[in-house]
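Given the structure is predicted, the values throughout are model-derived calculations rather than measurements. Remember, it's 1-based here, ligands and their atoms both numbered in the order they're listed.
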Amino acid sequence: MDLIQNVIAIDGPSASGKGTVASRVAAALGFDYLDSGALYRLTALYAQKKNVDWNDAEEVAKLAKDLPIEFDGQIVRLAGEDVSKAIRLENIGMGASAVASLPPVREALLQRQRDFLTEKGLVGDGRDMGSVIFPNAVLKIFLTASPQVRAERRAKQLGLPISGSDFDRILSDIEARDEADRRRPVAPLVQLPDAKLLDTSNLTIEESVKKVLDWYGEK
Ligand code: CDP
């Protein structure tokens with residue numbers, strides 16, 4: 001299999017910080033960045049707006065195929081409306097998880113994800129960048145951190161303390177989502193044999209970005 005020299009695939013669990021690392025690596029290399037989770041989130045939001053049930057595989061797949069979306073820097077538009085904040089809501093995260101478990105929906109979004117690659121190069125982050133979307137990426141990374149550290153990062157992001165009942169709920173949500181992502185039959189979250197493990201539990205964002213850039217430099 002010929003490797004694609006200008007693609008980096010970064011997969012990993014919820015709240016691992018892969019989005020931040022992936023977008024900074026992309027900026028450093030002058031590559032585009034694909035936040036594949038955003039496509040599942042947009043699909044879930046679009047289905048909600050169209051009153052389509054998240055478990056209706058065929059109807060959700062139809063919507064996913066023709067998602068009227070536009071990425072403009074940090075802004076994401078759906079049918080012309082700025083939904084950058086709306087897609088980050090917890091409820092839409094749950095919807096994303098539901099629609100992401102439907103094979104016809106994943107199939108509908110496959111080519112769309114590959115189309116993000118141009119001659120500029122691409123850093124993609126998600127659950128199946130290395131296994132399904134870009135199996136011939138020159139560099140594959142499994143980026144993770146311990147559940148405790150990921151829960152702390154999510155709590156800080158939400159402006160909540162890193163102990164107490166809210167924190168316990170965040171931690172158990174993260175563990176539940178990990179379990180669901182690993183066990184699902186389609187595109188389960190796994191570390192591929194050809195992916196490098198980047199455990200960021202004790203690394204800063206800068207250190208994590210540097211590690212990825214160093215690995216890419218060795219290619
Ligand atoms: O980081 P977090 O898990 O909160 O969100 P995300 O990366 O935006 O992904 C949202 C949901 O989409 C996750 O629960 C994944 O199950 C799913 N997803 C997926 O199945 N495949 C991808 N390539 C990206 C996300």
Side-chain angles (χ1 to χ4, degrees), residues 7-23 33-48 54-55 57 60-61 64 67 69 71 74 76 78 83-117 122-135 137 140-145 147 149-158 169-192 195 200 205 208:
V7 175
I8 301 177
I10 302 184
D11 291 301
S14 195
S16 54
K18 60 190 188 303
T20 309
V21 172
S23 63
Y33 164 55
L34 166 62
D35 171 4
S36 64
L39 295 177
Y40 292 95
R41 288 171 178 272
L42 284 157
T43 302
L45 180 63
Y46 199 40
Q48 190 183 60
W54 284 333
N55 298 309
V60 177
L67 269 188
I69 53 175
F71 288 92
Q74 302 280 63
V76 188
L78 177 63
V83 294
S84 322
K85 285 215 175 73
I87 58 165
R88 298 293 154 198
L89 296 176
E90 188 49 35
N91 169 259
I92 296 300
M94 306 276 289
S97 212
V99 302
S101 69
L102 307 172
V105 173
R106 305 199 74 89
E107 179 62 33
L109 291 174
L110 186 121
Q111 193 55 43
R112 190 152 202 151
Q113 294 176 77
R114 291 191 178 149
D115 289 343
F116 275 83
L117 173 63
L122 189 72
V123 182
D125 93 57
R127 305 292 190 286
D128 63 346
M129 293 296 103
S131 57
V132 178
I133 310 298
F134 297 110
K140 296 182 188 179
I141 290 166
F142 188 79
L143 193 153
T144 188
V149 167
R150 287 188 281 131
E152 287 173 11
R153 288 177 185 163
R154 182 58 42 100
K156 281 185 196 148
Q157 209 177 34
L158 298 170
R169 193 180 40 79
I170 292 173
L171 181 57
S172 62
D173 282 356
I174 281 183
E175 286 171 333
R177 187 105 79 94
D178 281 3
E179 196 54 19
D181 281 354
R182 284 204 191 95
R183 280 171 177 267
R184 68 180 182 199
V186 282
L189 176 69
V190 284
Q191 184 189 343
L192 299 167
T200 67
I205 292 168
S208 310

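Remark: the backbone N or O of Pro103 is not paired with any side-chain donor or acceptor of Glu107 at under 3.5 angstrom. Checked by atom type and distance alone, the side chain of Arg150 pairs as donor or acceptor with a backbone atom of Ala145 at under 3.5 Å.
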Using a 3.5 Å cut-off and no angle test, enumerate the donor-acceptor pairs between side-chain atoms of residues 86-93 and protein atoms at least two apart in sequence or in another chain.
residue : atom : partner : partner atom : Å
Arg88   : NH2  : Asp35   : OD2          : 2.9
Asn91   : OD1  : Gln48   : NE2          : 3.4

Would you tabulate the side-chain donor-acceptor contacts of residues 182-191 under 3.5 Å, counting partners in other chains and residues two or more places apart, or write 'none'?
residue : atom : partner : partner atom : Å
Arg183  : NE   : Glu179  : OE2          : 2.4
Arg183  : NH2  : Glu179  : OE2          : 3.2
Arg184  : NE   : Val186  : O            : 3.0
Arg184  : NE   : Ala187  : O            : 3.2
Arg184  : NH2  : Ala187  : O            : 3.0
Gln191  : NE2  : Ala195  : O            : 3.3

Do any side-chain atoms of residues 14-22 form donor-acceptor pairs under 3.5 angstrom with protein atoms, and if so which ones, sequence neighbours left out?
residue : atom : partner : partner atom : Å
Ser16   : OG   : Pro13   : O            : 2.8
Lys18   : NZ   : Gly12   : O            : 3.4
Lys18   : NZ   : Pro13   : O            : 3.4

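Taking a heavy-atom cut-off of under 4.0 Å, ligand 1 is surrounded by Ser14, Ala15, Lys18, Ser36, Gly37, Tyr40, Arg41, Ala96, Ser97, Ala100, Arg106, Gly126, Arg127, Asp128, Met129, Arg154, Arg177, Asp181, Arg184.
We find the CG-CG distance between Leu78 and Leu45 to be 5.5 Å, quoted to the nearest 0.5 Å.
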